[in-house]
Protein chains: 2
Amino acid sequence: MVAPKPGFPVRGSKSGQPIMALLDLLGRSWAMGIVWHLYAGPNTFRGLQDYCESISPTTLNTRLKELRDCNLIERTLEGYALTEYGRELYELLEPMGGWARQRWAHSFEENDNKE
Amino acid sequence: MVAPKPGFPVRGSKSGQPIMALLDLLGRSWAMGIVWHLYAGPNTFRGLQDYCESISPTTLNTRLKELRDCNLIERTLEGYALTEYGRELYELLEPMGGWARQRWAHSFEENDNKE
DNA sequence: TAGTTTTGCTATTAAATAAGTAGCAATATG
DNA sequence: CATATTGCTACTTATTTAATAGCAAAACTA
């Protein structure tokens, strides 16, 4: 699976607008989870496997390669780590955590004939 | 495919933490793209098909059902539309557009031995 | 009111992606 | 030297997505 880069055709956009490339990349299984987790600090391949309860090594490896190709993570002596870009992306993702807990999760408690 | 709801096991989290459920949901093909696009206004099934250049009707329908189950979109007389939750989520996603264009896209222009 | 179009799908099959499992080479550790 | 850990690859199976056809219902057209 080829990493989706801005400027090139990606799933959903022949023009490869950056946001489309990003959504394609992040919309692959575990991609956001890996970024999310690595913000806590660098981690090893096997550490990430443990964190991502059900990821297979093939998928993890594929995803790590794509994220590296896209400049979001890199290998360091302590294992895989977010790059500067990866950290910036995490910071954009981060508010979703609070929203999911404080807002979205509650939408399931209301009965369905809301508003 | 069952929609990932907070509080229930999802891919990657047996406890179903809200953020994990959200990442599972949004990490499925086209999910973010649909939310992204619907912010511009309600759209029909076929309108969404055109927008998502290469989505199949089966996938689109599955995704629409999941997003409805998760309270992010709803059907209106004008077609599918974001709910209040969907709009809130879009607003969290939105900054990624600018970042992708202004920051991330440029990371590919630099040569690889950056920093 | 009988076509024609549009819409929102379903069904079926094929292709792509991800999971599950085993295991191996390289390095570290005892 | 034996054992453990790490970062994978290879292989097979299961799940997800795409491709294509087509149909029923509603709206529009003549």
Side-chain angles (χ1 to χ4, degrees), chain A residues 1-5 8-14 20-21 23-38 41-70 73-82, chain B residues 1-5 8-14 20-21 23-38 41-70 73-82:
Chain A
M1 206 178 184
V2 64
K5 299 184 186 178
F8 297 89
V10 299
R11 295 190 295 188
S13 168
K14 286 165 192 155
M20 295 307 291
L23 295 182
D24 185 3
L25 176 69
L26 296 182
R28 296 174 182 190
S29 72
W30 294 109
M32 286 188 288
I34 291 168
V35 171
W36 191 268
H37 183 63
L38 283 181
N43 208 336
T44 64
F45 188 91
R46 278 187 149 86
L48 285 168
Q49 267 188 304
D50 289 344
Y51 164 70
C52 303
E53 298 166 14
S54 64
I55 197 171
S56 64
T58 13
T59 305
L60 177 56
N61 197 36
T62 304
R63 216 55 72 222
L64 290 173
K65 271 181 188 143
E66 290 166 0
L67 291 171
R68 270 196 287 173
D69 284 351
C70 291
I73 67 174
E74 64 192 349
R75 296 192 63 178
T76 69
L77 292 174
E78 296 138 299
Y80 290 97
L82 293 184
Chain B
M1 207 179 183
V2 64
K5 299 183 186 180
F8 297 89
V10 298
R11 293 191 295 189
S13 168
K14 285 165 193 154
M20 296 307 290
L23 294 181
D24 184 0
L25 176 69
L26 296 182
R28 296 174 183 190
S29 71
W30 293 109
M32 285 189 288
I34 290 167
V35 171
W36 191 269
H37 183 62
L38 283 182
N43 209 335
T44 64
F45 189 92
R46 279 186 149 89
L48 286 167
Q49 266 189 304
D50 289 345
Y51 165 69
C52 303
E53 297 167 15
S54 65
I55 198 172
S56 65
T58 12
T59 306
L60 177 56
N61 197 35
T62 304
R63 217 54 73 220
L64 289 174
K65 270 181 188 143
E66 291 167 0
L67 292 171
R68 271 195 286 172
D69 284 350
C70 291
I73 66 174
E74 64 192 348
R75 295 191 64 179
T76 69
L77 293 174
E78 295 140 301
Y80 291 96
L82 294 184

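Predicted, not measured: the structure shown is a model, and the values here were computed from it. Residue numbering restarts at 1 for every chain, and letters A, B, ... go by the order of the sequence lines.
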How many Å lie between CD on Gln49(B) and C1' on dC9(C), as a whole number? 9 Å
Taking C-beta and beyond as the side chain, do Leu23(B) and Val10(B) meet within less than 4.5 Å on heavy atoms? no
Without decimals, in angstroms, what is the distance between Ile73(A) CD1 and dG7(D) P? 12 Å
A side-chain contact here means heavy atoms from C-beta on lying under 4.5 Å apart; do Met32(A) and Met32(B) qualify? yes
Do Leu38(A) and Leu48(A) make a side-chain contact, defined as non-hydrogen atoms from C-beta onward lying under 4.5 Å apart? yes
Nearest-Å distance, CD (Glu78(B)) to C1' (dT7(C))? 15 Å
Are Arg63(B) and Met1(B) close enough that some pair of their side-chain heavy atoms sits under 4.5 Å apart? yes
If you take all heavy atoms of Ala21(A) and Pro4(A), which pair is closest and at what distance? O-CG, 3.5 Å
Phosphate-side-chain proximity, Thr44(B) and dG8(C), N/O vs OP1/OP2 below 4.0 Å: yes
Of the candidates dG20(C), dT16(D), dA18(D), the side chain of Ser56(A) sits closest to dG20(C)
Glu74(B) side chain reached by Tyr80(B) side chain, heavy atoms, under 4.5 Å: no
Whole Å only: how far is the CD1 atom of Ile55(B) from the C1' atom of dA16(C)? 15 Å
Picking from dA19(C), dA19(D), dG8(C), which would you name as closest to the side chain of Phe45(B)? dG8(C)
Which nucleotide in the set dC9(C), dT17(D), dA18(C) lies at the smallest distance from any side-chain heavy atom of Arg46(B)? dC9(C)
Protein-nucleotide distance (Asp50(B), atom CG; dT7(C), atom P), rounded to Å: 9 Å
Nearest whole angstrom, please: distance from the P of dG20(C) to the CZ of Arg11(B). 12 Å
Between dC9(C) and Arg75(B), is there an OP1 or OP2 to side-chain N/O distance shorter than 4.0 Å? yes
What nitrogen or oxygen pairs link the protein and nucleotides 28-30 of chain C at under 3.5 Å?
none

Leu77(B) CG to dT7(C) P, in whole Å, measures 15 Å
Output the rounded distance in Å from CZ (Arg28(B)) to P (dT17(D)). 7 Å
Please tell me if the side chains of Phe45(B) and Asn61(B) come closer than 4.5 Å, counting only heavy atoms from C-beta onward. yes
Output yes when Asp24(A) and Arg28(A) qualify as a salt bridge under the 4.0 Å nitrogen-oxygen rule, no when they do not. yes
Pairwise side-chain contact, Ser54(B) with Trp30(B), heavy-atom cut-off 4.5 Å (strictly under): yes
DNA chain C contacts made by residues 57-70 of chain B, counting heavy atoms under 4.0 Å: Pro57(B), Thr58(B), Asn61(B), Lys65(B)
